[in-house]
Structure formats: structure tokens, C-alpha cells
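Below is one structure, written out as C-alpha cells; the observations come after it.
Here is the naming used below: chain letters follow the sequence lines, and residue numbers restart at 1 for every chain.
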There are 2 protein chains.
Amino acid sequence: MAKAQDATGSEDLMFQPLCAVFRRFLKREGLKFTPERAISLDAVLAKENVFEAGTLYDEIRTAGHHVSRATLYRTLKHLQDAKIIAEVLIDSKQAHYELCFGKKPVGHLVCVDSSQVTEFTSPQIEELRDRICEEHGYEPVSVRLVVYGVSPQARDDNV
Amino acid sequence: MAKAQDATGSEDLMFQPLCAVFRRFLKREGLKFTPERAISLDAVLAKENVFEAGTLYDEIRTAGHHVSRATLYRTLKHLQDAKIIAEVLIDSKQAHYELCFGKKPVGHLVCVDSSQVTEFTSPQIEELRDRICEEHGYEPVSVRLVVYGVSPQARDDNV
DNA sequence: CTTGCTGCAAAAGTTTTGCACACGT
DNA sequence: ACGTGTGCAAAACTTTTGCAGCAAG
């Protein structure tokens, strides 16, 4: 269990393939791999679903680490550039993100009652992206699909 | 041309079917049709594309009318409830809206370079919404589809 | 040692809210 | 009259930025 406790801020992070991806990205861009960036990436990797910057900040603090809000926001931007996370458009008030590395584009099903977000996949998402872009002469970059509905569970609660 | 210049704030507004829709909605909800709401609706009806609250505010002021920001935001909320406008998820910083009354759900094609927004329709949008909801036992409410790409025009500019 | 990075505090921008007064219905 | 609506100014929030000192490559 005695792993080198180094500047990464986490004993397990170094074994995450995504950590290497991020380090390569940073090097390629002439940027630096700092303890704060390691802590931030670690917190992101712990998320299984959509998350917000504020939540991530709180979780980092709760875990006993310290990364300032400013640094966290700056790191989230780099993680987007590195294509490790992507923005998810849930609402217009606040940014939501999720891990996207190596994944095909996914859609999100949001319960209008409980705000619970469920991810789903469908080949039609990419088809639609490419077809629409082709029809308009655009070069495809990305897609966001969000479906809103009432979950069975929320409907039961409101009887 | 001598139309009654009344509390609606616009001579033409009363002839807009959507004005009647809004008035009926307000009455049904026990709310009031005020000059400020008339001016706001009028400004919304003049928009042909996606718009933001801030732009709308400026346009109302430029047109020589006065509606406070607070009232405009409150009215936009009612217009959403009345299903006259709908939020469009372009980015997570600021709300974007568009007229939606009597329209099927549409998608939006956004140029990542110029931020220009083009609307498109596709029967697949509704199909997808209903299929996904059915698969998860959800009751469908709405959908948002945003495709990002580089417009031919933006590509030319960046050569 | 050179560049970039961090934290802090302040700024910026959008949206919301409390309150006193005004106004549709 | 009653219950809403309005404006204003302040508050609430998320995100960004300037700057002085600090650290990774």
C-alpha cells in the first residue's frame, strides 16, 4: 500500500489513465501539472454523473484539500480543452459537466420534478448531428440532446 | 388608422392572436394584463430568432418604453408558463428564449465561431423524445437539441 | 531561472427579492 | 377594495480577472 505520496495530491491518481492523458495534454500546451490540478482531476474522476463547479469545490474542501474557486474554474477549462470533460446543457444558470473521455456523445434525460439526470445513448444522436451539419454545410463539432420529462418515481410522489 | 391607444402600450398588439392567448392565460391564472406586460410581449413578438433578456430590455428602452428589468424577468417567466416562449439552451451563462407558440419542437445549429444560431426542424426530434421517455417510463415534457459546428462562412473567414 | 500558477479579493454579469406604493379587475 | 404588479436598489450567485508572491519544468 505504500505508494509514493507526491505532488499529485492523491495516491491513486497516478494510476488513472486519464491522469496521463491530462499530463500529456498539459505538456503539449506548455502548461504545468500542479498539485491543485491533480486534486481537481481527482475530484472529477470521482463523479459518476453530471456535476457542477460549486459541488466539486465543496467536495474538495470536505475531503480536506484546498483549491481556490479561481483555480478550479481555470482547471475545468483546461479539462474541457483536453476533452476529458464536456459541458452538459441542463439549464441556463450554471455550467454542468461530465466525464466524456473516450465516449460517444450521449443524451440526458432530466426529470423536471426532481432534477435527476439520467444518461442515455443512441446512435441517432450522432446521425442527427452529422446530417444536420451536412445539410447546412457546417463542419460538425458536437451535439447536446436533453429530454425533459416526469420520472415514474416523481409522478408517484405527487399523487 | 386611428386605433384606440389604450393601456396595451402598442396599437398593433391587440390584433396579435398571441396577445389574446396571453390575456386568456393571465385571466385563467388570476393575473393581470398590465401595460408593462403588453410592452414586453410586443418586444418578444418582434423577435424572429433566439433572444436574451438583456437584449430585449435594451430594445424596449430604445423604443422609448419603460419596463424595469425585474418586471421583464417576471413577465418572461409568465410567457414561459403560457407556453408562448421557451428557453433555448445555447450556453450555461445566460438564458436564451424563442417564440414557440404552436410550433413543434425545433433544434438549433450553433456556429462555434460566430455564435450565429440557425433553427431547424426534424421529425426525429419528437421521435427521439418519445422513444427515450418511453424506454425510461417517463412522461415526455420537452426536448432541446443543439448541434455545434463551424459554418461555411466562418471557415472562410479564418483561412 | 523562466513561465506559468495560485490565492485572494474585487469585479462583472445575470437574475432574484424585499419593500413601499400604484393599479387592474 | 382587494390582490397583484411595478420600480428601485440591494442581494444572491456563478464565473472572471488583476495582482503579488510561489513553484513546476
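Note: CG (B/L26) to P (D/dG5) measures 8 Å, nearest angstrom. As a whole-Å value, the separation of A/E29 CD from C/dG4 P is 12 Å. One can place CZ of B/R28 at 17 Å from P of D/dT4, the figure rounded to the nearest angstrom. As rounded to whole Å, 10 Å separates atom P of C/dT6 from atom CD1 of A/I39.
Neither OP1 nor OP2 of C/dG4 sits under 4.0 Å from any side-chain N or O of A/H78. For the OP1/OP2 pair of C/dC23 and a distance below 4.0 Å, the side-chain nitrogens and oxygens of B/T34 include no atom meeting the criterion. Residue A/T71 places at least one side-chain N or O closer than 4.0 Å to OP1 or OP2 of C/dG7. Put simply, A/R37 has a side-chain N or O that comes within less than 4.0 Å of OP1 or OP2 on C/dT6.
Under 3.5 Å, the side chains of A/E36 and A/T75 contain no donor-acceptor pair of N or O atoms. For the residue pair B/R69/B/Y73, the side-chain donor-acceptor check at 3.5 Å is not satisfied. When only modelled atom types and interatomic distance are considered, A/S151 and A/Q116 share no side-chain donor-acceptor pair under 3.5 Å. For the residue pair B/R131 / A/S122, a side-chain donor-acceptor distance below 3.5 Å is found, with atom types taken as modelled.
The rotation axes computed at either terminus of the helix from C/dC1-D/dG25 to C/dT25-D/dA1 lie 40° apart, taking five pairs at each end and rounding to 10 degrees.
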Base-contact (B) and sugar-phosphate-only (S) positions in nucleotides 14-20 of chain C, heavy-atom cut-off under 4.0 Å, - elsewhere: SBBBB--

Stepwise side chain to side chain donor-acceptor pair (under 3.5 Å) test for B/S114 and B/Q153: CA-CA 9 Å; B/S114 66; B/Q153 176 184 328; 5.9 Å; no

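For a distance-only test at 3.5 Å, the side chain of A/K32 qualifies as a donor-acceptor partner of the base of C/dT3.
Residues A/Y148 and A/L109 fail the side-chain proximity criterion, which asks for heavy atoms closer than 4.5 Å.
Place B/H66 and B/G30 on DNA chain D by their nearest nucleotides, and B/G30 ends up nearer the 5' end.
Note on A/R24 versus A/E29: no salt bridge recorded, every NZ/NE/NH1/NH2 to OD/OE distance being 4.0 Å or above.
Counting non-hydrogen atoms of other residues, nucleotides and ligands closer than 6.0 Å to CD of B/E134 gives a total of 12 or fewer.
Taking the six-membered ring for Trp and thresholds of 30 and 60 degrees, A/F22 and A/F33 have ring planes more than 60 degrees apart, a perpendicular arrangement.
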